[in-house]
Each structure stands twice: as C-alpha cells, then as structure tokens.
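So the structure is just underneath, and the comments pick up after that.
The structure presented is a predicted model; accordingly, all values stated were derived computationally and were not measured. All ligand and atom numbering here is 1-based and tracks the order in the structure.
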Amino acid sequence: TSATSTPKRGAFILLEGVDRCGKTTQVSLLVKHLLSLSIAAVAYRFPDRTTQVGGLINEYLQSSVQTDDRAIHLLFSANRWEAAPKLVDTLARGTNIVCDRYAYSGVAFTSAKRAEDRSSMSGGELTLDWCMSSDVGLPAPDAVIFLDLDQDEAEKRGGYGGERYEKRELQMRVRQRFAELQSIDEKQGRIPWHVVDASQSVEEVQARIAGIVSNIIERVQTDTAQLG
Ligand code: DGP
Ligand code: NA
Ligand code: NA
C-alpha cells in the first residue's frame with residue numbers, strides 16, 4: 001500500500017578488479033548511461049582520497065615508508081565506514097550507486113601482501129578472516145561486477161603510475177584473492193558476481209556491463225516492492 005509514497009531503493013552496484021582493468025572508466029560510462037535513461041545514479045570511489053582519512057591513505061600509497069599493515073588496512077576500512085551513512089541515505093532516496101572498489105579490494109590487497117614485503121611491526125599472517133572483519137556491517141552491494149584482466153594484458157595498457165601496490169607479483173596475488181572472495185560469496189549465495197572479460201574494447205565492456213546492470217536494478221526494485 002505504501003508503493004506510491006515510499007521510493008524504491010537504489011541498487012548498490014560495485015565494480016572491482018585489479019589495477020588497470022578499466023574500472024574507473026567503466027564507472028563513469030555506466031553512470032552516464034543510467035542518467036541518459038533518466039535512472040538516478042551516482043558514482044562513489046574508494047579509497048575516497050578527499051577526506052582526512054583518505055589524505056592519510058593517499059600519502060601512504062604515494063610513499064614507500066614502512067607503515068604497519070594492520071593500521072593501514074583499518075584506515076582503508078575507516079574510509080568506507082565514514083561514507084556508510086551517505087551510502088545508506090543515497091540508496092534510501094532511490095538513487096543507484098555505482099562504486100569503484102569497496103571492501104573486496106580491502107581484503108584482496110591487504111591479504112595479498114607477503115611476509116617479506118611487510119612491515120616488521122605487524123607480525124603474523126593477514127588472513128582473509130582478519131581482513132574481512134573490519135568491514136562487517138557495511139552496506140552490502142547488491143552485485144559485484146568483476147572486470148577480469150590478466151597481468152600481461154594489464155601491463156600492455158602502459159606503465160603503472162608508480163604507486164605502492166602497482167607491481168606485477170602483488171597484482172597477480174590480488175587477482176587470486178578476488179577469485180577466493182568470489183567463491184566465498186558463491187557458497188553463501190547472497191551477493192552475486194558477474195565476471196566481465198576486461199580485455200575487450202571499452203565499448204564491448206560497457207555494453208556487457210549495461211546489460212548486467214539493467215537486470216540488477218530490475219531485481220532490486222522487484223525485491224523492494226515485495227518488501228513494501
Ligand atoms: P585506486 O585509487 O582505485 O587506484 O586505488 C588505489 C590503490 O589502493 C590500488 O592499488 C588499490 C588499493 N586499494 C584500494 N582499496 C584498498 C583497501 O581497502 N586496502 C588496501 N590495502 N588497498 C586498497
Ligand atoms: Na591505482
Ligand atoms: Na582505478
């Protein structure tokens with residue numbers, strides 16, 4: 001009965017992948033595409049370097065100073081938590097969110113660090129469980145669109161910018177961690193993943209994503225209607 005007074009909630013669509021997979025380009029193309037169809041949509045990006053916490057993350061990424069890996073992990077997580085009220089509010093107002101990275105990147109990047117690369121201050125293994133715990137309770141995405149690109153293809157796209165994580169071996173382990181996170185989600189059956197071959201042209205990837213997203217938005221709106 002409240003269908004006319006309660007706006008349908010927006011869908012939370014997350015794009016994830018290794019560095020250079022084309023996420024940032026696709027996020028902005030997807031938002032433009034949705035807006036061109038008069039579907040409310042807004043882009044978010046993590047890390048959000050514009051906040052105070054984001055400023056610390058930015059300094060960390062651009063330096064080679066050893067910093068405790070757990071402390072850094074928690075900063076990335078805090079950067080998502082500080083945005084959480086805005087995310088919830090945006091969705092509640094019926095605006096779809098298209099997000100460039102989120103907690104999956106948090107877990108994939110931190111857990112991909114090897115003992116020998118890590119700060120001596122923070123011993124022990126950075127397990128998936130430990131890495132996931134600081135993001136428990138964040139607004140959950142309705143779907144993950146994973147832009148899959150192998151490392152050789154990523155490197156063909158030109159040199160990295162020289163930030164801390166932009167190294168071949170690490171990126172290869174990050175891709176493996178993403179695959180593990182995908183299989184965890186598939187076992188739980190809660191958050192669906194859509195893997196897109198990111199080696200195709202920008203236009204082909206965009207078309208694939210647009211098709212996937214129209215189904216996600218339709219599903220979320222149907223669910224919302226049923227809940228109402
Ligand atoms: P970007 O601005 O999307 O290029 O991301 C910056 C770098 O930080 C990139 O190499 C991926 C990495 N990253 C993104 N989110 C997290 C996170 O939550 N934790 C860690 N450790 N790294 C992250
Ligand atoms: Na980057
Ligand atoms: Na990016």
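- Arg9 and Asp142 are joined by a salt bridge, as a carboxylate oxygen and a charged side-chain nitrogen come within less than 4.0 angstrom of each other.
- Counting the atoms of ligand 1 from 1 in the order shown, those under 4.0 Å from a heavy atom of Pro47 are 5 (O), 14 (C), 15 (N).
- What you find for Phe12 and Ala140 is that their closest heavy atoms are CD1-O, 3.5 Å.
- Every atom of ligand 1 is numbered from 1 in the order shown, and the set under 4.0 Å from a heavy atom of Thr110 is 21 (N).
- If you number the atoms of ligand 1 from 1 as listed, the ones under 4.0 Å from a heavy atom of Arg80 come out as 17 (C), 18 (O).
- Which of Tyr102, Tyr104, Phe76, Tyr165 comes nearest to atom 15 (N) of ligand 1 through a heavy atom is settled by distance: it is Phe76.
- Using a 30° and 60° split on the angle between ring planes, Tyr104 and Trp193 fall in the perpendicular class, above 60°.
- Shown in contact with Asp19 at under 4.0 Å from a heavy atom are these atoms of ligand 1, numbered in order with element: 4 (O), 9 (C), 10 (O).
- The salt bridge (charged side-chain N to carboxylate O under 4.0 Å, His left out) pairs that include a residue from residues 148-161 are Asp148-Arg175, Asp152-Arg168, Glu153-Lys156, Glu155-Arg168, where partners are two or more places apart or lie in different chains.
- Close approach of ligand 1 to Gly106 is summarised as follows: ligand atoms under 4.0 Å from at least one heavy atom of the residue are 17 (C), 18 (O), 19 (N).
- In the candidate list Arg164, Lys167, Arg49, Arg101, Arg49 is nearest to atom 6 (C) of ligand 1, counting heavy atoms.
- Ring pair Tyr60/Phe76 is perpendicular by interplanar angle, where above 60° counts as perpendicular and below 30° as parallel.
- Within the 4.0 Å heavy-atom shell around ligand 1 one finds Arg45.
- The salt bridge (charged side-chain N to carboxylate O under 4.0 Å, His left out) analysis of residues 176-185, with sequence neighbours excluded, yields the pairs Arg177-Glu180.
- Between Trp130 and His73, the two ring planes are tilted [angle within 30° to 60°].
- Between His73 and ligand 1, not a single N/O pair is under 3.5 Å apart.
- Contact annotation for Ile72 and ligand 1: no heavy atom of the residue comes within less than 4.0 Å of the ligand.
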